Each structure stands twice: as C-alpha cells, then as structure tokens.
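Each chain gets a letter, A, B and so on, in the order its sequence line appears, and its residues count up from 1. What you see is a predicted model, and the numbers here were worked out from it, not measured in a lab.
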Amino acid sequence: MPELPEVEVTRRSFADRITGATIREARLGKPLRWPLQCAPQSLAGMRVRGVRRRGKYLLMDLSGGLLLVHLGMSGSVMFYHQLPPAGVHDHFDLETDLGTLRLHDPRRFGAVVFALSEADPVARKLLGHLGVEPLDGGFEPTAFLAGLRLRKAAIKQVLLAGELVVGVGNIYASEALFLAGIRPTTPAHRISKPRAARLHAAVIDVLSRAVEKGGSTLRDFSNANGEGGYFQLEAMVYGRAGAPCRVCASTVRTIKQGQRSTFFCPVCQKR
DNA sequence: AAAAGCCCCTGGATGC
DNA sequence: TGCATCCAGGGGCTTT
C-alpha cells in the first residue's frame with residue numbers, strides 16, 4: 001500500500017502527538033519481515049524525540065537509538081489514547097505515556113527494526129543504498145538524467161528500484177510516467193534530456209499532490225487517525241485498465257513488468 | 001555489475 | 001455454498 005505519500009501522511013498524522021513521549025512498553029505480535037534486533041523491554045524508558053521519513057521508512061528518533069518502521073504492502077499505523085484489544089493482524093505496540101502507536105499489517109511484509117543510529121550497520125543495510133528524496137530539494141534534474149544514462153532497464157523498473165529517487169512505488173510510477181508522456185517500457189538510458197526533465201517534474205508533482213490528498217486508499221490504507229486518502233480518485237491510469245484515457249479517450253492498457261502491473265495510455269505515452 | 005526472478009504472507013475478488 | 005486461482009501499495013536475496 002504505502003508509497004512515499006502514504007508514509008508521509010502517516011508520519012504527519014502522529015509525529016506531533018508522540019514526540020516527547022516516554023516509552024512504557026513495546027510489545028510484539030507475530031513475526032514481521034525482520035526481527036526487531038533488540039529485546040522489546042529494552043525500549044522502555046526511552047524518549048521519542050521526533051519522527052522523520054526516509055523513502056518509505058518512518059524513522060523514530062529515540063533517546064537511546066532509532067526505530068525504523070516500514071509498512072510493507074499492507075501495513076498501517078494507528079495512534080490510540082484508549083487502546084482497543086489487539087486484533088489478529090496487530091503485530092507491534094509502542095505504548096507511551098502519551099498514547100500507543102500500533103502497527104496493523106495483515107501480510108506482515110512490514111517491519112520494525114531497532115538500530116543504535118543511522119550509522120549502525122543494521123540501519124545502513126536498509127537505508128544505505130537509497131536514492132535522493134524527491135520532495136526535499138535535493139532532487140536535481142541533471143543528476144537524475146545522469147543516473148538514467150547509466151541504466152538500461154525499463155524506466156518503470158528504474159523508478160521502482162529507488163536507487164535514483166526514493167518513494168515512487170507501483171501507483172506513482174505509472175502516474176508519473178503518464179504525466180511525462182513516457183512509455184513505461186522505454187529503456188532508461190534512451191530517455192532524452194527534455195523528457196527526463198519532464199519526468200523529474202512529474203515525479204515531484206504527483207507525489208506532492210498525493211500527499212495533499214492524504215495519499216491513495218485502495219483497499220484499507222489509513223493514517224494514524226484512521227482517515228483514508230483520496231488521490232486514487234485522481235489517478236490517470238493506475239487501476240484503470242480498459243477504461244478511457246482521461247486525456248485522449250484511448251483505452252488504458254496494463255502489462256506486467258517484474259511481476260507487477262503497469263498501466264499506461266498507448267497514445268499519450270508513445271515512447 | 002546490472003538486471004531479472006523468486007519469495008515472504010494474508011485476504012478479497014472472480015470464476016467454475 | 002465451496003473450492004481453486006489470481007491479484008494486491010514492497011523489496012531483499014539469489015540467480016543469470
């Protein structure tokens with residue numbers, strides 16, 4: 001579910017309320033993608049200094065380290081003052097004096113990992129290879145173009161890989177390529193400079209508009225207050241196979257790339 | 001070394 | 001109603 005917009009919306013929905021809290025207890029449910037890397041009880045007494053985001057990771061700065069939270073495909077987080085009983089898909093609770101942060105994740109592709117700092121090998125393994133943040137001003141068209149020139153894979157795959165720019169997942173890759181008028185199968189190194197510039201702008205545009213709309217709620221995504229997003233209503237191609245293109249009325253097509261669905265308009269995205 | 005495939009897991013939708 | 005099949009927002013690891 002969660003790509004950059006959903007993770008950022010999630011972060012904003014609870015960061016202020018948990019910052020300054022003291023952890024009372026951490027509880028684990030069924031195993032997530034990776035082990036926590038510390039005893040849950042060792043988190044007790046630590047203060048939450050703030051919540052940042054890096055790519056699709058939430059980074060909770062603690063007085064004694066760093067908690068990396070990833071929502072995987074089906075994860076979401078809720079922040080409770082009155083904690084309901086844990087459901088079968090609730091797999092992590094961070095109980096503090098200001099409320100409890102609970103991770104709900106049916107498929108358990110998500111993870112909560114403790115590291116001493118970002119320099120900790122545990123953190124570096126997960127964050128070290130990530131590309132630049134698209135919405136932080138450090139995402140430059142020139143560097144983006146240079147990165148594309150080095151890769152022969154399909155542009156959709158290059159966007160998803162997150163090594164040039166982070167946070168673009170399956171929905172927003174299709175959307176950004178539509179906005180830029182680029183065919184998802186085009187080898188990255190074949191994209192001209194002006195077209196790369198359009199794609200660069202499209203990535204920023206689609207991600208920032210999605211954040212404004214609260215992200216995309218396809219099945220069950222919600223922020224920490226249980227509120228869904230609305231960007232799915234504005235999707236130009238994602239999930240619209242067989243429907244008319246919103247620009248030219250041609251039939252939107254779907255193909256598989258790396259066992260994931262890609263959506264595009266064969267007329268608006270000729271190459 | 002880049003690129004392509006393979007998994008991890010559960011549940012909802014669809015088809016027979 | 002029951003059962004099989006396919007599909008889903010991610011991404012690390014292994015194999016080419």
Would you mind reading off the distance between A:Met73 atom CE and B:dC7 atom P, rounded to a whole angstrom?
16 Å

Sugar-phosphate, base or nothing in reach of A:Tyr238, heavy atoms under 4.0 Å
sugar-phosphate

Nearest-nucleotide check on DNA chain B, A:Arg33 vs A:His89; residue mapping nearer the 5' end is A:Arg33

Atom-pair distance (CG on A:Leu58; P on C:dG10), nearest Å:
14 Å

Test: A:Glu3 and A:Lys56 ion pair at under 4.0 Å:
no

Does a side-chain N-to-carboxylate-O contact under 4.0 Å join A:Arg124 and A:Glu118?
no

Could you pull out the closest heavy-atom pair between A:Val252 and A:Phe263, with the gap in Å?
CG1-CB, 4.4 Å

Take the protein atom NZ of A:Lys156 and the nucleotide atom C1' of B:dA3, then report the distance between them rounded to whole Å.
15 Å

Below 4.0 angstrom, N of the basic side chain to O of the carboxylate: do A:Arg24 and A:Asp97 qualify?
no

Does A:His70 have a side-chain nitrogen or oxygen under 4.0 Å from the phosphate oxygens OP1 or OP2 of C:dG11?
yes

A:Ile155 CD1 to B:dA3 P, straight-line distance once rounded to whole Å
11 Å

Could you check whether A:Arg108 gets within reach of a base, just the sugar-phosphate, or nothing at all, counting any heavy atom under 4.0 Å?
sugar-phosphate

In whole Å, what is the span from the CD1 atom of A:Ile255 to the P atom of C:dC7?
14 Å

Between A:Phe139 and A:Phe144, is the ring centroid distance below 6.0 Å?
yes

Could you give the distance separating B:dG5 and C:dC7 at their P atoms, to the nearest angstrom?
16 Å

Criterion side-chain hydrogen bond (donor to acceptor under 3.5 Å, both in side chains) on A:Thr262 and A:Gln257, from CA distance to verdict
CA-CA 7 Å; A:Thr262 298; A:Gln257 289 183 284; 2.7 Å; yes

Salt-bridge criterion met for A:Glu8 and A:Arg11 (N-O under 4.0 Å):
yes

Could you tabulate the donor-acceptor pairs under 3.5 Å formed by side-chain atoms of residues 31-43 of chain A, not counting sequence neighbours?
from	atom 1	to	atom 2	distance (Å)
A:Ser42	OG	A:Ala39	O	2.5

Symbol by symbol from the 5' end, with Watson-Crick or G-U pairs under 3.5 Å, [ ] crossing and | another strand, DNA chain B is .|||||||.|||||||

For B:dC8, does OP1 or OP2 lie under 4.0 Å from any side-chain N or O of A:Lys30?
no

With a non-hydrogen cut-off below 4.0 angstrom, is A:His129 in contact with a base, only sugar-phosphate, or nothing?
sugar-phosphate

Roughly how many Å is it from CG in A:Leu218 to P in C:dC7, rounded to a whole number?
16 Å

So, taking the atom named OG1 in A:Thr254 and the one named NZ in A:Lys256, what distance separates them when rounded to the nearest 0.5 Å?
6.5 Å

Answer with base, sugar-phosphate or nothing: what part of the nucleic acid does A:Arg219 contact at a heavy-atom distance below 4.0 Å?
base

Whole-Å distance separating the CZ atom of A:Arg260 from the P atom of B:dC7
17 Å

Between A:Leu150 and A:Gln259, which has a closest nucleotide on DNA chain B that is more 5'?
A:Leu150

Atom-to-atom span, CG of A:Leu164 to P of B:dA3 - whole angstrom:
10 Å

So, A:Phe109 and C:dG10: ring centres less than 5.5 Å apart, planes less than 30° off, yes or no?
yes

Would you classify A:Gly258 as touching base, sugar-phosphate or nothing, given that sugar-phosphate means primed atoms plus P, OP1 and OP2, and contacts are heavy atoms under 4.0 Å?
nothing

Any A:Ser261 side-chain nitrogen or oxygen under 4.0 Å from OP1 or OP2 of C:dA8:
yes

Atom pairs, N/O to N/O, protein against nucleotides 13-16 of chain C, distance under 3.5 Å?
from	atom 1	to	atom 2	distance (Å)
C:dC13	OP1	A:Lys125	NZ	3.3

Verify whether the ring centers belonging to A:Tyr172 and A:Tyr238 lie closer than 6.0 Å.
no

Is there a donor and acceptor pair closer than 3.5 Å between the side chain of A:Arg107 and the base of C:dA8?
yes

To the nearest 0.5 Å, atom CZ of A:Arg53 lies from atom CG of A:Asp136 at 6.5 Å

So what does A:Gln157 hit on the nucleic acid, given a heavy-atom distance under 4.0 Å: a base, only sugar-phosphate, or nothing?
nothing

